[in-house]
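Read the structure below first, then the notes.
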Amino acid sequence: MSTLRFHAVKASLERKPLKIKENQRRSEIFGENVFNEVSMRQYLTKTALNSVLEAIEKGTKIDRIVADHISTGMKEWAITKGATHYTHWFQPLTGATAEKHDAFFETIGDGLAIEKLGGNQLVQQEPDASSFPNGGIRNTFEARGYTAWDPTSPAFIYDKTLCIPTVFVSYTGEALDYKTPLLRALQAVDNAAVAVCKYFDKNVKKVNASLGWEQEYFLIDSALATSRPDILLTGRTVFGHSPAKGQQLDDHYFGTIPGRAMSYMRDLEHQCMLLGIPVKTRHNEVAPNQFELAPIFEEANLAVDHNSLLMDVMKKIAERHNFTVLMHEKPFAGVNGSGKHNNWSLSTNTGVNLLSPGKTPMSNLQFLTFFINTIKAVQTHEELLRAAIASASNDHRLGANEAPPAIISVFIGKQLTNVLNELETVTKGKLSPKEKTDLKLNVVGKIPEILLDNTDRNRTSSFAFTGNKFEFRAVGSTANCAKPMTILNTIVAKQLMDFKIEVDELIEKKEMKKDDAIFNVLREYIKTSKAILFEGNGYSDDWEKEAEKRGLSNNKTTPEALKIKKAKSTIDLFESLGVMNSVESLARYEIEMEDYIHHMQIESRVIGDIARNHVVPTAVRYQNILIENVKGLKTIYGDQFKNYAKAQLGLIENISTHIEVIDSSVTEMTNERKISNKETTLESKADGYCYKVKPFFEDIRYHCDKLELMIDDGIWPLTKYRELLFTK
């Protein structure tokens with residue numbers, strides 16, 4: 001292993017940045033490999049084009065006959081781009097994307113063949129669903145699954161394959177993917193938001209949820225990554241002593257991007273332009289060899305597809321540059337982990353961002369309505385929002401090195417807090433003309449001016465308002481954005497529906513004017529949502545105590561966090577809005593619990609393997625070298641040898657102590673794992689891994705990392721942090 005380590009270091013040091021040719025403006029190649037409206041106008045009939053556009057804008061169904069015309073045009077376009085195959089591209093509940101390629105090729109007899117893509121093939125395929133997570137939805141004799149075309153997300157070409165974004169459902173019709181519930185949640189928030197917008201603008205007919213994600217990641221030379229079994233099998237380093245220098249000098253953040261990384265980014269961004277992924281920002285992140293890229297905001301469904309596609313493309317491009325992309329939330333101890341901030345907002349078909357103040361008191365009242373309702377939704381469903389970002393890998397990150405804590409809180413800044421305090425004092429019932437005028441001029445009317453100076457941003461808040469959007473910062477870097485976006489849009493939709501019911505009731509039964517009714521309902525929401533608002537540091541023990549006083553949950557582990565997903569209130573919420581039925585909800589709970597168990601099981605096995613098969617043998621080997629040295633000193637100095645061998649004898653003793661603890665801890669961990677595996681319920685098995693098995697991880701790591709400091713660097717088998725983090 002030590003030989004492999006030094007070969008890897010040598011190979012990484014000899015790498016040179018690849019030369020990337022960029023001869024065209026990005027605006028000229030943007031969407032070149034996407035079957036977008038420009039391509040459709042060229043290859044589709046007017047009827048077919050209008051059918052697709054109506055499906056995108058209004059959600060109408062596409063006739064099968066028209067689908068034949070669309071598929072023919074799509075195939076011809078794809079062939080001109082060099083495509084030979086097509087696939088239904090979907091997002092099963094594995095966390096990765098999936099695809100099964102079929103050639104356009106089809107025989108027609110007499111030794112002849114044609115290229116073909118029929119309407120039926122475009123609209124639906126039947127991949128085998130037996131090996132995908134299903135949470136008990138699929139019976140053994142119902143292995144078939146169906147993928148169905150999602151026309152709202154355009155087809156694209158990658159690696160000479162036409163990729164058609166689709167939903168994925170079981171033989172019995174339940175959703176087996178991330179996209180289907182997301183589309184339903186987006187429809188729910190559209191309907192609810194449009195109904196509330198009618199209070200302010202009768203012309204609003206559609207509201208789109210927008211998403212701007214920020215993808216953080218580490219770039220590690222592929223040879224170095226290959227030399228670490230833990231990185232290959234778990235995506236993170238289970239052992240490794242912190243180097244003398246980490247991120248304490250803050251010299252990497254926003255610094256000059258290293259040459260090889262820049263070459264990789266340029267290559268990646270070129271592919272993104274061709275695929276219509278509007279990446280705009282790139283920079284060094286806080287930790288060494290950590291980076292970030294972010295796109296321009298898009299409609300949420302398309303943004304989710306683009307992020308899923310991006311993660312695939314990132315890995316493929318990395319191979320060309322001899323890099324391994326680490327997207328694990330905490331690949332290295334002692335430095336920042338990686339997140340994927342989800343920036344979310346709502347926009348109308350009239351071009352208004354509902355979370356951005358306008359130029360009039362009425363538009364600002366609209367802003368306050370959606371702003372306060374979002375806060376109220378988070379307050380009511382904070383446990384569910386925490387469950388949206390729960391995973392074994394994100395457990396390593398939350399609450400550490402500038403990451404948000406496991407407690408969900410909302411940060412809005414001092415200025416907007418003052419605005420809400422003012423609104424809380426609004427008179428109950430009908431407002432006097434003077435009070436209404438004062439509110440509109442001195443409180444609501446001044447919001448745009450207030451936000452110009454709203455620069456006080458708490459980086460540790462899990463859910464923060466940042467000027468014209470909410471930023472959900474607790475999302476992990478490996479996550480599919482559809483999970484948090486489905487839950488966020490669902491809870492906001494439910495809250496907006498409840499808000500409209502309350503306002504309409506005041507208007508009809510109390511004979512209040514519309515503005516008075518809105519102010520009255522918002523005032524009560526401000527009072528009941530105060531517990532979720534927090535302006536301080538989320539790391540402190542005081543905040544945990546304060547959160548407990550406020551009645552906020554503090555679900556630090558995934559098994560704790562996921563329990564809300566099987567609660568009756570959660571199932572009723574999703575069913576009432578048509579986002580998921582009870583079978584789909586419970587299936588996701590089971591799948592995510594099983595995923596946690598499997599991740600913990602793999603990490604435990606990897607830790608035991610490396611500790612016993614790599615670390616301990618190396619320690620014994622070095623100990624034998626020291627013993628030979630002591631024997632030699634005794635031969636030379638006789639009874640006086642201890643005067644010259646104190647350090648060596650101390651090392652021999654310390655190494656033995658660490659070896660003993662490692663060996664006994666691995667044995668105990670393995671026994672606890674066996675006990676957990678025999679548990680009969682998901683809950684007891686997950687709890688066993690969380691509270692009985694996982695505690696050994698850090699204990700074993702501590703002793704292995706201590707040995708790393710003691711043992712001769714020349715024989716240490718595992719590539720060290722200084723090599724992984726500082727080889728550019």
Side chain to side chain donor-acceptor pair (under 3.5 Å) for R473 and S462? Distances and angles first, verdict last.
CA-CA 5 Å; R473 296 183 180 135; S462 51; over 6 Å; no
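- The pair R386-D395 meets the salt-bridge criterion, since a charged nitrogen lies less than 4.0 angstrom from a carboxylate oxygen.
- Salt-bridge check for D713 with R722: passed, with a basic side-chain N closer than 4.0 Å to an acidic carboxylate O.
- Judged by distance alone, with hydrogens and angles left aside, the side-chain atoms of T657 form a donor-acceptor pair with the main-chain N or O of E653 at under 3.5 Å.
- Atoms CD1 and CG, on I317 and L268 in that order, are 6.5 Å from each other to the nearest 0.5 Å.
- Take H658 and apply the ring-ring contact (aromatic ring centres under 6.0 Å, His included) test, not counting sequence neighbours, and it matches H703.
- Pairing each heavy atom of L573 with each of H381, the nearest pair is CD2-CE1, 4.0 Å.
- The two atoms that bring A333 and S242 nearest to each other are O-OG, 4.3 Å, heavy atoms only.
- Remark: S676 pairs with no residue by the side-chain hydrogen bond (donor to acceptor under 3.5 Å, both in side chains) rule, at least two apart or across chains.
- At a cut-off of 3.5 Å, with distance as the only test, no side-chain donor of T719 or R5 sits close to an acceptor on the other residue.
- Residues Y691 and T557 bring a donor and an acceptor atom of their side chains to less than 3.5 Å of each other.
- Note on residues 659-670: pairs passing salt bridge (charged side-chain N to carboxylate O under 4.0 Å, His left out), not counting sequence neighbours, are R612-D663.
- Residues satisfying the ring-ring contact (aromatic ring centres under 6.0 Å, His included) criterion with H283, sequence neighbours excluded, are F254.
- Using a 3.5 Å distance cut-off with no hydrogens or angles, the side chains of Q91 and K179 do not pair a donor with an acceptor.
- Side-chain contact of T681 with S684: a donor-acceptor pair under 3.5 Å is present, judged by distance alone.
- Listed for the T237 side chain is no donor-acceptor partner under 3.5 Å among the backbone atoms of G240.
- Not a single donor-acceptor pair under 3.5 Å links the side chain of W213 to the backbone N or O of A294.
- The existence of a salt bridge linking K692 and D687 is excluded, since no basic side-chain nitrogen approaches an acidic carboxylate oxygen closer than 4.0 Å.
- Between R228 and D230, at least one side-chain nitrogen of the basic residue sits less than 4.0 Å from a carboxylate oxygen of the acidic one, meeting the salt-bridge criterion.
- For E383 against I564, the heavy-atom pair with the smallest separation is O-CG2, 3.6 Å.
- For R397 and E216, the salt-bridge test fails: no basic side-chain N is under 4.0 Å from an acidic carboxylate O.
- With sequence neighbours excluded, the residues that form a ring-ring contact (aromatic ring centres under 6.0 Å, His included) with Y721 are F332.
- Residues V620 and I655 are not in side-chain contact: their nearest non-hydrogen atoms beyond the backbone lie 4.5 Å or more apart.
- F239 pairs by the ring-ring contact (aromatic ring centres under 6.0 Å, His included) definition with nothing, not counting sequence neighbours.
- In the model, T281 has no side-chain atom that pairs as donor or acceptor with a side-chain atom of E292 under 3.5 Å.
- A salt bridge links R236 with E603: at least one charged nitrogen is closer than 4.0 Å to a carboxylate oxygen.
- Looking only at side-chain heavy atoms (C-beta outward), M314 and L310 come within less than 4.5 Å of each other.
- Checked for salt-bridge contact, K556 and E544 meet the test: a charged N lies under 4.0 Å from a carboxylate O.
- With rounding to the nearest 0.5 Å, the separation of CZ in R701 from CZ in F697 is 11.5 Å.
- Considering only heavy atoms from C-beta on, F218 stays 4.5 Å or farther from T324 through its side chain.
- Remark: aromatic rings of Y596 and Y689 are distant, center separation not under 6.0 Å.
- Aromatic ring orientation, F323 versus Y264: perpendicular (interplanar angle above 60°, classes split at 30° and 60°).
- A salt bridge is defined here as a Lys NZ or Arg NE, NH1 or NH2 lying under 4.0 Å from an Asp or Glu carboxylate O, and K565 with E592 meets this definition.
- Ring-centre distance between W344 and F472: not below the 6.0 Å cut-off.
- Not a single donor-acceptor pair under 3.5 Å links the side chain of Q648 to the backbone N or O of V630.
- At least one donor-acceptor pair closer than 3.5 Å links the side chain of D177 to the backbone N or O of F168.
- Nearest heavy-atom pair, G608 versus M669, reported as atom, atom and distance to 0.1 Å: N-CE, 4.0 Å.
- Between the side chains of S338 and E329, no donor-acceptor pair of N or O atoms lies under 3.5 Å.
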Determine, stepwise, if the pair E285 / N336 fulfils side chain to side chain donor-acceptor pair (under 3.5 Å).
CA-CA 9 Å; E285 256 302 331; N336 276 22; 5.2 Å; no
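- When every heavy atom of S12 is checked against every heavy atom of T727, the shortest pair comes out as OG-CG2, 3.4 Å.
- Taking all atoms of both residues into account, the shortest heavy-atom contact from L182 to A482 is CD2-CB, 4.1 Å.
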